[in-house]
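Have a look at the structure below before the remarks.
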Number of protein chains: 2
Amino acid sequence: MDRKTSPPRPVTVADVARRAEVSKATAARVLGGYGPVSEEVKLRVQAAAKALDYRPNELARSVSTGKSGTIGIVVGDIENAFFGIAVRSISDTAHRHGFNVILANSGEEVEAEKAALKVLVGKRVDGLIVTPADNRTIAHLRDIVRSRRPLVLFDRPIEGLAADVVATDDRDAAFAATMRLVAAGHRRLAYVTALNAEPPVFTGMEQLYTSSVKARVDGFLAACRAAGIDGPERGICLAGSAPAGQQRASIERLLSGETPPTAILASDSLVAFEIFKAARTLGRGIPDDLSLVSFYDAEWTSVTTPPISVIDQPVYDMGTQAAELLIARINGASPPARHCVLPTRFIERGSIGAPRRMMAAI
Amino acid sequence: MDRKTSPPRPVTVADVARRAEVSKATAARVLGGYGPVSEEVKLRVQAAAKALDYRPNELARSVSTGKSGTIGIVVGDIENAFFGIAVRSISDTAHRHGFNVILANSGEEVEAEKAALKVLVGKRVDGLIVTPADNRTIAHLRDIVRSRRPLVLFDRPIEGLAADVVATDDRDAAFAATMRLVAAGHRRLAYVTALNAEPPVFTGMEQLYTSSVKARVDGFLAACRAAGIDGPERGICLAGSAPAGQQRASIERLLSGETPPTAILASDSLVAFEIFKAARTLGRGIPDDLSLVSFYDAEWTSVTTPPISVIDQPVYDMGTQAAELLIARINGASPPARHCVLPTRFIERGSIGAPRRMMAAI
DNA sequence: CTCCGAACTGAGACCGGTCTCACACTACAT
DNA sequence: ATGTAGTGTGAGACCGGTCTCAGTTCGGAG
């Protein structure tokens, strides 16, 4: 009967070894499950470990093996359901393969992203999954690649970076959705994204510092041009994200302009949410006064009146895919950088209508 | 000009020391920022570190200091927006205090929770924030407390466990919300939660294995009794969670019964979401045929027609609070276990109406 | 001019694991 | 009997940091 006094100093292999009356090496073999040990000794050590309530110190293990059994995730914002599910999916897959997950939030800011990466590398994660906040400053990502630490870019490719990528067919999806709006008769289209810009006006593609958004805008513009709409760039609205208030203001300004758009493509579900609320506040009916399509099939989009048409992204699959690519590489695979593009699915609901005549003019 | 060959073996203090022509101890002092070092040597070491692109190995640091600078979070389900925000808030607060976060998902299963805890303890996290999945099996949590590792229970208190708790006034909130429904004239009330039970029928309080739900049901029943409603237990529906299909089925069964409830209090926003959809599918109008109130002010609840009345829980604050309690303890504070109860707020929207006469009868 | 203490530095132990190696000891072929 | 392959074990180096402790150097006080 051993008394259960709480040990202030955690139990180590040496403690177990002493109790089992074997050498530290032998105890370590049993506890670590690696060397050849006789059945009898094994049992004795296990008993000792149990009696002392031994808990292996994974950190010490990692420092001597060089593997941490951990993968790092850096996302823009966990609050965003899109990333929430991605994290869920990545962590499910990771656990299935015996890995753990350290999570970091960049808040879509490069500096935070850099800091997070530094910490994760410091913790010697075996690999990284990152949604890069800004494709203009990527030196820190280059460093990761150079140091040969497996890296998977999630949702946002970066050209010229030799890392695996899991993303969706953003350009095509945006193109198709825009075409759908055009087919409904719209000529005054807007694309609204949460990107920040100073001043908050679209002046050119080089402003679009997250690659997925860039691809989407590209698809949007291409569709507009294909439809013979001129000056579609004017419809691009960088609504900003930082303080929520600012985004709402941008959106209300967009909707209250002299010639407001009759149809909007929203870059993510948070923006779409703001648009939906703004439309309601301003008394614009959907789909009569305004047609709306959003990226990502967020929960709320299916229960509004009318429900919102969306471009569904297979987030869960994306996460699984990303984790699997990463883990394969961690386990030694080293094919050239792969670029996985997963297909999106257009879900038509009730938010698309024909533009009103009076508004359709000009 | 040092050529930038990628070093397969990461750079260590010893490498830096060699290059700076000082002892390992001195280099470590500079790099770790702890001992007295002359300005000149400091610069030399820093230069060497930079040239070699030295990245401190936090694991090694942790194993010798005994502190990991990391806190572990175990939540039921990150996909759930409630937990998403909690995680966000905890990780924000943690970073502010120089801590990192390791995340684990229990999927609301005790076994997974145990496993997660084991891993986190293995990684020597400095403290833990946990939403216990089941208050009937808590030996593993007891172990944590016994080992003196700081632990904060999030959202779900466990009686008799000497750990800090951050939760909301669940009983009061449920009581008040129920009273509101009663005041609207309802006599056939239901409380729907995602808990699993075999068979899926409510037989007694001891079935309610998550403490927050227990408190809420308690409040619900108390309110019903106060209103003189008899047999309110019959209104308690354990809809289950595991396969989503099962939950929906339970809810549809509840709504299609002979004497369906005229008002429902939903235990979380996911359940409410299912109820909302089921009501729509079955052609029950809200609030005419059915009044609905949900715990947690999820995004979607404000944009439905009608919008849903909710019991708003200050999740972000709860997270911050939990993280702060934990960090205080990690930093040495050791007051007796505290129980922080944060107030909820009832947000009345359009989902509460009077019961129809014909349905109100009996 | 000596002595004392403060400031700096290096040697080496230590944290808790892994892992290499040498040394039994057995067992079986020669 | 000897060779030899194989198994189990212990001693101790190692991983990459921290930290103690014993010098060394230097300035200023006595």
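In the text below, chain A, chain B and the rest are named by the order of the sequence lines, each starting its count at 1. Please read these numbers as outputs of a predicted model, since none were measured by experiment.
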What is the bend of the helix from dC1(C)-dG30(D) to dT30(C)-dA1(D) when you compare the axis at one end with the axis at the other, using five pairs each and rounding to 10°?
-> 60°
Taken to the nearest whole Å, CD/Glu40(A) to C1'/dG8(D) is 11 Å
Which letters describe nucleotides 18-28 of chain C, given B = protein heavy atom under 4.0 Å from base, S = only from sugar-phosphate, - = neither?
-> BBB--------
Spacing between Leu59(B) atom CG and dC15(C) atom C1', to the nearest angstrom | 13 Å
Got more than 12 heavy atoms from elsewhere within 6.0 Å of CD, Glu109(A)?
-> no
Indicate whether OP1 or OP2 belonging to dG10(C) is found under 4.0 Å from a side-chain N or O atom of Thr26(B).
-> yes
To the nearest Å, give me how far apart CZ (Arg44(A)) and C1' (dT9(D)) are.
-> 11 Å
CG of Leu141(A) to CG of Leu117(A): how many Å apart, nearest 0.5 Å?
-> 6.0 Å
Identify whether the distance between the nearest side-chain nitrogen and carboxylate oxygen of Glu324(A) and Arg338(A) falls below 4.0 Å.
-> no
In whole angstrom, give the distance that lies between atom NZ of Lys123(A) and atom P of dG16(D).
-> 17 Å
Please confirm whether the backbone N or O of Val145(A) pairs with a side-chain atom of Arg148(A), one donor and one acceptor, at under 3.5 Å?
-> no
So, the side chain of Arg156(B) versus the backbone of Pro132(B): is there a donor-acceptor pair under 3.5 Å, distance only?
-> yes
Can a donor-acceptor pair be found between the side chains of Thr70(B) and Lys123(A) at a distance below 3.5 Å?
-> yes
Any donor and acceptor pair, going by atom type alone, linking the side chain of Thr210(B) with main-chain N or O of Ser212(B) inside 3.5 Å?
-> no
Give Val37(A) one of three labels, base, sugar-phosphate or nothing, depending on what nucleic acid heavy atoms sit under 4.0 Å from its own.
-> sugar-phosphate
Euclidean distance, atom NZ of residue Lys67(B) to atom C1' of dG17(D) [Å, nearest integer] = 16 Å
Does Thr131(A) use its side chain to pair, donor to acceptor, with the backbone of Phe154(A) at less than 3.5 Å?
-> no
Between Glu21(A) (CD) and dG8(D) (P), how many Å, whole number?
-> 20 Å
Asn57(A) CG to dC14(C) P: how many Å, rounded?
-> 18 Å
Take the protein atom CZ of Arg124(B) and the nucleotide atom P of dG17(C), then report the distance between them rounded to whole Å.
-> 7 Å
NZ/NE/NH1/NH2 to OD/OE distance under 4.0 Å, Asp92(B) and Arg88(B) = yes
